[in-house]
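Throughout, a chain's letter reflects where its sequence line sits, starting with A, and its residues are numbered from 1.
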Amino acid sequence: MEVDTGKLNSIVQKYNGDKSYILAIFQDIQRIYRFLPKEAIKYTCEQLDIPFSKGYEVATFYKTLSLKPRGKHTIHVCLGTACHLRGGPNVADTFERELQVKIGDTTGDDNFTLETVNCLGACALAPLVRVDEQDFGKTTPGGVKSIINEFRNGE
Amino acid sequence: MSVVELDRIASEYNNKIEGFQKIIHICTGTGCVSSGALKVFNRLRDAIDSEGLTEKVLVKKTGCHGLCERGPIVVFGNDEILYQTVGKRNVEDDVKLLIATIKDDQIAEKLLYRGDDKTKRYVSTHDIPFYSGQTRLVLALNGIIDPEIIEDYIVHGGYRALVKALSMHRDEIIEWIDKSGLRGKGGGGFPTGVKWRSCKTAEGSPRYVLANGDEGDPGAFMDRSLMEGNPHAILEGMIIGAYAIGSNQGYIYVRDEYPLAVERLSKAIGQAREYGFLGNDIFHSGFDFDIEIFRGGGAFVCGESTALMTSIEGQAGEPRAKYIHTVEKGLREKPTNLNNVETWASVPEIINKGWEWFSSIGTELSKGTKVFSLVGKVNNTGLVEVPMGMTLKEIIFGLGGGIQGGKKFKAVQTGGPSGGCIPEEYLEMPVDFDSLTKLGSMMGSGGMIVMDERSCMVDVARYFLKFLVEESCGKCTPCREGVRRMYEIVDRICSGNGGEGDIEHLEELARAIGLGSLCGLGQSAPNPVLSTLKFFKEEYRIHIEEKKCPAGVCKSLITLHINPEKCTGCMRCASECPVGCITGEKKQVHTIDQTTCIKCGNCYDVCHFDAVTIE
């Protein structure tokens, strides 16, 4: 995959080329591509003058970074304790069934990536689902379809 | 800058808002926003515009009010009227009711909070038990100030503690914090004054102060609400601490999953720099200090002090052994003082009101208040701040209004993955740092997850083990391998394949992992299992010997049936079944197709007639 070195340079510049900001740099790059392309890790490591293995270690350690391409919309089903107790796992199962993907995977049309998260901090509204930056509180298996449709129709 | 100047800023801002006859606070904490608060805000602003009331009514976006379950929350003036679930059914209708209240002081009955018996209606927050039972110090301004306007914080007494602190001797500040009895509210409970003093006297420079806003505990969101609702209190506490310790650089470590917290903190830091509360020569005292935000990457272990520091250094956030304390050699091997955001936010009021005031609240060894996130199967979920020493019962049944759906209380889980489950017989237990530890749980950062009879304790233990398997950084073997092994055993028990010796094996592993792990994550990982084994061993036994799940949760051990004598044919279960395995005509008895049923229990939960049974 070709990466836009101009964009990568400007992100690295924003942090003055300081390698201690590698996580922030990766997060910014991910906002462009919706995932972290291997080529981008390689290029950034060269710019920061650190070995690729070090960059790769950071990229694989943190959960918010994804080395797999993501779809247009990312669905996060929260499985924090409160969400777990109030039926979060059933909501996650229903998403898997409706989208016909496993957690962590992307639908064939590249529209949705389904992921779970260990707490989004809106526990009072459990079970919570976040699609991109929009939150849906007190979700039920019955309500999954309409959440999907909201984003499917909005294409 | 002096108090006189702060007064001038406050009075200028007051002049600006003086013309308004009414001030309305709309909660825009994450909870209320996901219930539609922004829609209410925008529609109300439009309606006020078209009514020609713009000059008379100020609508403010504030941080979390705490009563998240009933959001969106709208509060008039100084807590005079609280409206709940505004716009939940129909935004237009509810905005009309708000306008009627603005214009004619007409109170909208249907938006008022109702008591547990659904008959009594409460107008003011002072009357609602959820609020009247609390002592709000750290959360006092959440819900009142607009977190994006620094002047609003100053009007409410902000940055006065900083002015006062800069006129005090550094040792005197530490002395005050020490005598106040403030202890680390991130979970450790370590005396804050002692930590500050050790950091101040440690050899080396520069020194760093850090705020831990990582909050990876599932079921806890008090740090988030504080960062979103009152970011300046955290900054002010950090600046005071940095001055006392002798640090010129601070970092706030915030989860990347909290974008709004990052945004509000960034804005607050920018404003504080503009006013000269951060930067060089703060208030002409010769003291330089600045704060940067460091976004975490979704790793639970990074809430641990050494892992958090490793992460800021630009590496994978693995912890290191603490033979040498971080106050001596922390971030970049330099003296570092790390406190939780709630601890930092407690500092300004201690300086303002004195250590005697603070230490008069709470218990003998746990002073002040603690913010808890009260969630799970409780009626009033949300954030509560109570004096240390309040009992679990007072919190869950008094403030929380008891268990949802009139079900029976079973246990409360405190302290997240490092804590444990506390059963009914200990409900009278006062909540403070030390008493929960005695029960094999801990107060932790303040997550309080209430469970009812439909919660399976073995499943809960499995849940936490799965969480910890995913979150273990893998650096040390006891945690990496041991927790996984515990998970496998408990998972086997949940799926009906438990056998003799499993419990003993779990206990043995728990001891080894607790003793042998490198950091707090591993050391405390067995706690959820040990506490459930301690108080709910019978439930484990039934899973293992009788292959049954009494709470009806573990899917391999249950089947769902419809009792034909009770079924009214209302079709509710059929319409809520996610796989469509329930069939039956209207007003006819329904049946569940066992071959396609996924045993999610949804039909059981939605049935109004107790017609669905779990075996």
Exercise. What part of A/D18 gets closer than 4.5 Å to chain B, counting heavy atoms only: side chain, backbone, both or neither?
Worked result: neither
Exercise. So, for B/F464 and B/P218, which heavy atoms are closest and what is the spacing to 0.1 Å?
Worked result: CE2-CG, 4.4 Å
Exercise. Are the charged groups of B/D491 and B/K466 less than 4.0 angstrom apart, N to O?
Worked result: no
Exercise. Among B/E263, B/R264, B/R295, B/E215, which one satisfies side-chain hydrogen bond (donor to acceptor under 3.5 Å, both in side chains) with B/Y258?
Worked result: B/E215
For this session: Would you check if the distance from the ring center of A/Y62 to the ring center of A/F26 is below 6.0 Å?
Result: no
Exercise. Which one, A/P141, A/C78, A/P89, A/A59, leads in non-hydrogen pairs under 4.5 Å with chain B?
Worked result: A/P141
Exercise. Non-hydrogen atoms of chain B under 4.5 Å away: do they reach the side chain of A/A24, the backbone, both or neither?
Worked result: both
Seminar exercise, completed: With chain A, the option among B/G36, B/G474, B/S35, B/G296 that has the most non-hydrogen atom pairs under 4.5 Å is B/G296
Exercise. Measuring heavy-atom distances to chain B, does A/N118 have an atom under 4.5 Å in its side chain, in its backbone, in both, or in neither?
Worked result: both
For this session: Could you check which of B/S34, B/P259, B/G29 has the highest count of heavy-atom pairs closer than 4.5 Å to chain A?
Result: B/S34
Seminar exercise, completed: Heaviest contributor of heavy-atom pairs below 4.5 Å to chain A, chosen from B/E470, B/E576, B/Q413, is B/E470
Seminar exercise, completed: Pair count under 4.5 Å, heavy atoms only, with chain A: among B/S311, B/S373, B/C302, highest is B/S311
Seminar exercise, completed: Applying a strict 4.5 Å limit to non-hydrogen atoms, the region of B/Q315 in contact with chain A is both
Problem set entry | Part of B/D217 within contact of chain A (heavy atom distance under 4.5 Å) | backbone
Problem set entry | Electrostatic pair A/K63-B/E471, nearest N-O below 4.0 angstrom | yes
For this session: Flag the pair A/E39 and A/K42 as a salt bridge only when some basic side-chain nitrogen lies within less than 4.0 angstrom of an acidic carboxylate oxygen.
Result: no
Problem set entry | Mutual orientation of the aromatic rings belonging to B/Y251 and B/Y208 [parallel < 30°, tilted 30-60°, perpendicular > 60°] | tilted
For this session: Would you mind telling me which of B/R224, B/R255, B/Q404, B/E257 has the largest number of heavy-atom pairs within less than 4.5 Å of chain A?
Result: B/R224
Exercise. Is it the backbone or the side chain of A/K145 that comes under 4.5 Å from a heavy atom of chain B, or both, or neither?
Worked result: neither
Problem set entry | NZ/NE/NH1/NH2 to OD/OE distance under 4.0 Å, A/D28 and A/K14 | yes
Seminar exercise, completed: Okay, B/F300 and chain A: the region with an atom under 4.5 Å from a heavy atom over there is neither
For this session: Would you kindly say whether B/S441 and B/T414 are connected by a side-chain donor-acceptor distance under 3.5 Å?
Result: yes
For this session: Using non-hydrogen atoms and a 4.5 Å limit, figure out which bit of B/E228 sits close to chain A: side chain, backbone, both or neither.
Result: neither
Problem set entry | Sidechain N-carboxylate O distance under 4.0 Å for A/E115, A/R70 | yes
Problem set entry | Pick from A/K19, A/R130, A/R97, A/H76 with the largest number of heavy-atom pairs that fall under 4.5 Å of chain B | A/R97
Seminar exercise, completed: Note: vs chain B, highest number of non-hydrogen pairs under 4.5 angstrom among A/R31, A/Q134, A/E133, A/E57 is A/R31
Problem set entry | Region of A/Y56 that comes under 4.5 Å of a non-hydrogen atom in chain B | neither
Exercise. Quick one: what part of A/L125 sits under 4.5 Å from any heavy atom of chain B, side chain, backbone, both or neither?
Worked result: side chain
Problem set entry | NZ/NE/NH1/NH2 to OD/OE distance under 4.0 Å, B/K410 and B/D452 | no
Problem set entry | Contact origin within B/I312 toward chain A - heavy atom pairs under 4.5 Å | backbone
Exercise. Taking 4.0 angstrom as the limit, do A/K54 and B/E313 come out as a salt bridge?
Worked result: no
Exercise. If you tally heavy-atom pairs under 4.5 Å against chain B, which of A/G80, A/G142, A/G137, A/S20 wins?
Worked result: A/S20
Problem set entry | SB check B/R462 B/D459 (cutoff 4.0 Å) | yes
Exercise. Side chain, backbone, both or neither: which part of B/V33 has a non-hydrogen atom closer than 4.5 Å to chain A?
Worked result: neither
Problem set entry | A/R34 with A/D132: basic N within carboxylate O range, under 4.0 Å | no
For this session: Answer with side chain, backbone, both or neither: which region of B/V301 has an atom nearer than 4.5 Å to a non-hydrogen atom of chain A?
Result: side chain
For this session: Look at B/P417, B/A316, B/G71, B/G298 and state which one has the largest set of heavy-atom pairs under 4.5 Å with chain A.
Result: B/A316
